[in-house]
Q: 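Just dropping this structure here.
Computed over heavy atoms, backbone and side chain alike; hydrogens, waters and symmetry mates excluded.
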Amino acid sequence: MVGLMFCVALLGAILVLGLYKPALWAWSAALAIAALLWQSDAFNGSAGLFGALLWFAAASFAALAIPSLRRARVTGPLFERVRGTLPKVSETETQALEAGTVGFDAELFSGEPHWNKLRAMPSVMLTPEEQAFLDGPTEELCGLIDNWKAHHQQRDIPDEIWDFAKRHGFLGMLISKAHGGLGFSAQAQSLIIGKIASRSPDAVIIVMVPNSLGPGELIEKYGTDAQKEHYLPRLARGDDIPCFALTGPTSGSDAATMRDIGTVFRGEDGKPAISLSWDKRYITSRPRRHCSGSRSVCLIRTTCWARAPSRASRLR
């Protein structure tokens with residue numbers, strides 16, 4: 001009975017120590033005290049198997065408290081073993097991991113966030129035009145969405161949602177006003193997308209893809225003047241619906257891991273064409289190609305078909 005009470009008390013002490021997260025040497029000292037108590041006359045006065053286990057645990061924690069010994073004998077070999085089982089990080093993923101800066105999210109994931117740092121951050125300020133769009137068309141779009149009907153009954157976004165999004169410029173929020181877009185800031189786009197997502201995770205995709213994976217930003221920054229004048233207004237109006245063809249058998253959204261091969265050549269009419277060998281599992285926004293007079297446009301400006309190995313696709 002005394003031994004059972006000792007085990008319950010030991011378990012309670014371990015839980016309390018775990019709550020306060022002491023250093024390893026404190027764990028070692030606590031286990032050593034428990035081993036001495038177990039060997040005292042109040043219990044059986046001998047170490048026994050349980051006492052030996054307590055002394056072994058105390059010695060192990062004491063050894064782990066030495067950083068050089070811990071790295072050489074425990075964490076170092078364990079890290080090498082785990083690293084050998086993990087897939088290699090691609091160049092694209094490495095660039096994404098090394099990009100940007102770390103903000104309050106690092107504080108949060110540390111387990112000990114400094115809330116004063118969060119409160120000291122300036123609030124997001126929208127322009128009057130952006131705020132009016134958030135309170136007006138965005139609110140109206142959310143009111144039109146019937147998520148149950150779209151997700152469970154039609155299993156598609158209704159044409160009225162598409163038409164409303166095109167008419168009010170939701171597809172061209174990041175395209176500049178000079179080229180027919182809204183020219184909204186990243187903060188405004190984030191709040192607008194977040195509001196639509198709170199109403200329907202499915203409907204928000206038709207806004208997210210053109211304003212993230214779509215070619216609008218790429219053409220804005222790197223396209224020629226002729227390309228900007230031709231494509232950007234069409235993308236902003238929704239005449240062209242951007243789609244993203246990256247989901248091959250060997251990759252998800254990492255373009256660097258694609259194994260598709262493309263060959264550019266001149267067709268019989270002398271115009272440039274491209275022959276593609278690919279196998280796609282899914283292409284975003286592709287089903288909308290023939291809806292409301294729009295056409296889906298891939299980043300490489302080809303006619304995209306899901307699961308189309310060795311299909312010649314003409315440049316448009």
Q: Within a strict 4.5 Å, meaning less than it, do heavy atoms of the Met173 and Ile192 side chains meet?
A: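 Result yes, sub-4.5 Å side-chain heavy-atom pair found.
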Q: What are the two closest heavy atoms between Ala132 and Pro137, and how far apart are they?
A: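 Looking at all heavy atoms of both residues, the shortest contact is O-CD, 3.7 Å.
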Q: Is the distance from the ring center of Phe170 to that of Phe133 below 6.0 Å?
A: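 They qualify: ring centres under 6.0 Å apart.
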Q: What's the verdict on side-chain contact (heavy atoms from CB on, under 4.5 Å) for Lys195 and Leu134, showing C-alpha distance, side-chain angles and the deciding distance?
A: CA-CA 8 Å; Lys195 191 167 189 176; Leu134 182 64; 3.8 Å; yes
Q: If you compare all heavy atoms of Ala26 against all heavy atoms of Pro22, which two are closest, and at what distance to 0.1 Å?
A: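 Smallest heavy-atom distance, with atoms named: CB-CB, 3.7 Å.
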Q: Is the shortest side-chain heavy-atom distance between Pro215 and Leu235 below 4.5 Å?
A: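 With C-beta onward as the side chain, the pair touches.
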Q: Rounded to the nearest 0.5 Å, how far apart are CG of Leu69 and CZ of Arg71?
A: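 Output value for this atom pair is 11.0 Å.
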Q: Kindly compute the distance separating CZ (Arg234) from CD1 (Ile241), expressed to the nearest 0.5 Å.
A: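 Reported value, rounded in 0.5 Å steps: 10.0 Å.
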Q: Just by modelled atom types, is the Asn147 backbone N or O under 3.5 Å from a matching donor or acceptor in the His151 side chain?
A: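 Answer holds: no.
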Q: Tell me the closest heavy-atom pair linking Ala150 and Pro158, and the distance in Å.
A: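 That would be CB-CD, 4.2 Å.
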Q: Keeping the roles fixed (side chain from Lys228, backbone from Glu220), state whether a donor-acceptor pair exists under 3.5 Å.
A: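 Yes.
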Q: Looking at side-chain heavy atoms only, is the closest gap between Trp115 and Leu108 below 4.5 Å?
A: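 Answer yes - side chains close enough.
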Q: Atom CD of residue position Glu112 - does it have more than 12 heavy atoms of other residues, nucleotides or ligands inside 6.0 Å?
A: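 Open.
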Q: Using 0.5 Å steps for rounding, measure from the CE atom of Met208 to the CG atom of Leu171.
A: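 The CE atom of Met208 sits 13.5 Å away from the CG atom of Leu171.
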Q: What's the shortest heavy-atom distance between Gly216 and Leu232, and which atoms?
A: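 What the structure gives for the nearest pair is O-CD2, 3.6 Å.
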Q: Say whether, by atom type as modelled, one donor and one acceptor occur between the side chain of Ser60 and the main chain of Phe56 under 3.5 angstrom.
A: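 Between the backbone of Phe56 and the side chain of Ser60 there is a qualifying donor-acceptor contact (under 3.5 Å).
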Q: How far apart are the closest heavy atoms of Ala203 and Ile206, and which atoms are they?
A: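 Scanning both residues completely, I find the closest heavy atoms to be O-CG1, 3.0 Å.
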Q: If only atom types and distance count, is the side chain of Ser176 paired as donor or acceptor with the main-chain N or O of Gly183 below 3.5 Å?
A: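 Looks like no, no N/O pair under 3.5 Å.
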Q: With the side chain counted from C-beta on, respond yes when Leu36 and Trp55 share a heavy-atom pair under 4.5 Å apart, and no when they do not.
A: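 Leu36 vs Trp55: side chains touch.
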Q: Quick one: do Ile14 and Ile33 end up in the same hydrophobic cluster if we chain Ile, Leu, Val, Met, Phe, Trp and Tyr together by side-chain heavy atoms under 4.5 Å apart?
A: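 Yes: a chain of side-chain contacts under 4.5 Å links Ile14 to Ile33.
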Q: Verify side-chain contact (heavy atoms from CB on, under 4.5 Å) between Arg70 and Leu24, making sure each step is shown before the conclusion.
A: CA-CA 11 Å; Arg70 182 175 66 249; Leu24 290 175; 3.9 Å; yes
Q: Under the criterion side-chain contact (heavy atoms from CB on, under 4.5 Å), I'd like the reasoning laid out for Arg83 against Leu86: C-alpha separation, chi angles, the key distance, then a yes or no.
A: CA-CA 5 Å; Arg83 185 169 64 176; Leu86 296 176; 5.6 Å; no
Q: Main chain of Leu126, side chain of Gln187: is a donor-acceptor contact present, judged purely on distance under 3.5 Å?
A: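 Answer holds: no.
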Q: At what distance, to the nearest 0.5 angstrom, does CD1 of Ile157 lie from CD1 of Ile145?
A: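 Rounded to the nearest 0.5 Å, the CD1-CD1 separation comes out at 7.5 Å.
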Q: Is Phe61 reachable from Trp25 through a run of hydrophobic residues whose side-chain heavy atoms are each under 4.5 Å from the next?
A: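 Unlinked, Trp25 and Phe61 end up in two clusters.
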Q: Check whether Asn211 reaches the backbone of Leu174 with its side chain - one donor and one acceptor, N or O, closer than 3.5 Å.
A: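 Present.
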Q: Between atom CD1 of Ile175 and atom CD1 of Ile219, what is the distance when rounded to the nearest 0.5 Å?
A: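 Interatomic distance, Ile175 CD1 to Ile219 CD1, rounded to 0.5 Å: 8.0 Å.
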Q: Is there a path of hydrophobic side-chain contacts, each under 4.5 Å between heavy atoms, that joins Val16 and Leu10?
A: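 No; tracing contacts between hydrophobic side chains, which count when under 4.5 Å, never links both residues.
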Q: Enter the distance from Tyr222:OH to Glu217:CD here, rounded to the nearest 0.5 Å.
A: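 The CD atom of Glu217 is 8.0 Å from OH of Tyr222, to the nearest 0.5 Å.
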Q: So if you build clusters from Ile, Leu, Val, Met, Phe, Trp, Tyr with side-chain heavy-atom gaps below 4.5 Å, do Ile193 and Leu144 land together?
A: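 Both belong to a single hydrophobic cluster.
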Q: Please find the pair of heavy atoms, one from Ala58 and one from Ala32, that lie closest to each other, and give the distance.
A: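 For Ala58 versus Ala32, the nearest heavy atoms are CB-N, 3.7 Å.
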Q: Under 4.5 Å between any side-chain heavy atoms of Met121 and Leu118, yes or no?
A: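 Met121 vs Leu118: side chains touch.
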Q: Does Lys117 offer a backbone N or O that forms a donor-acceptor pair with the side chain of Glu107 under 3.5 Å?
A: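 No; zero donor-acceptor contacts below 3.5 Å.
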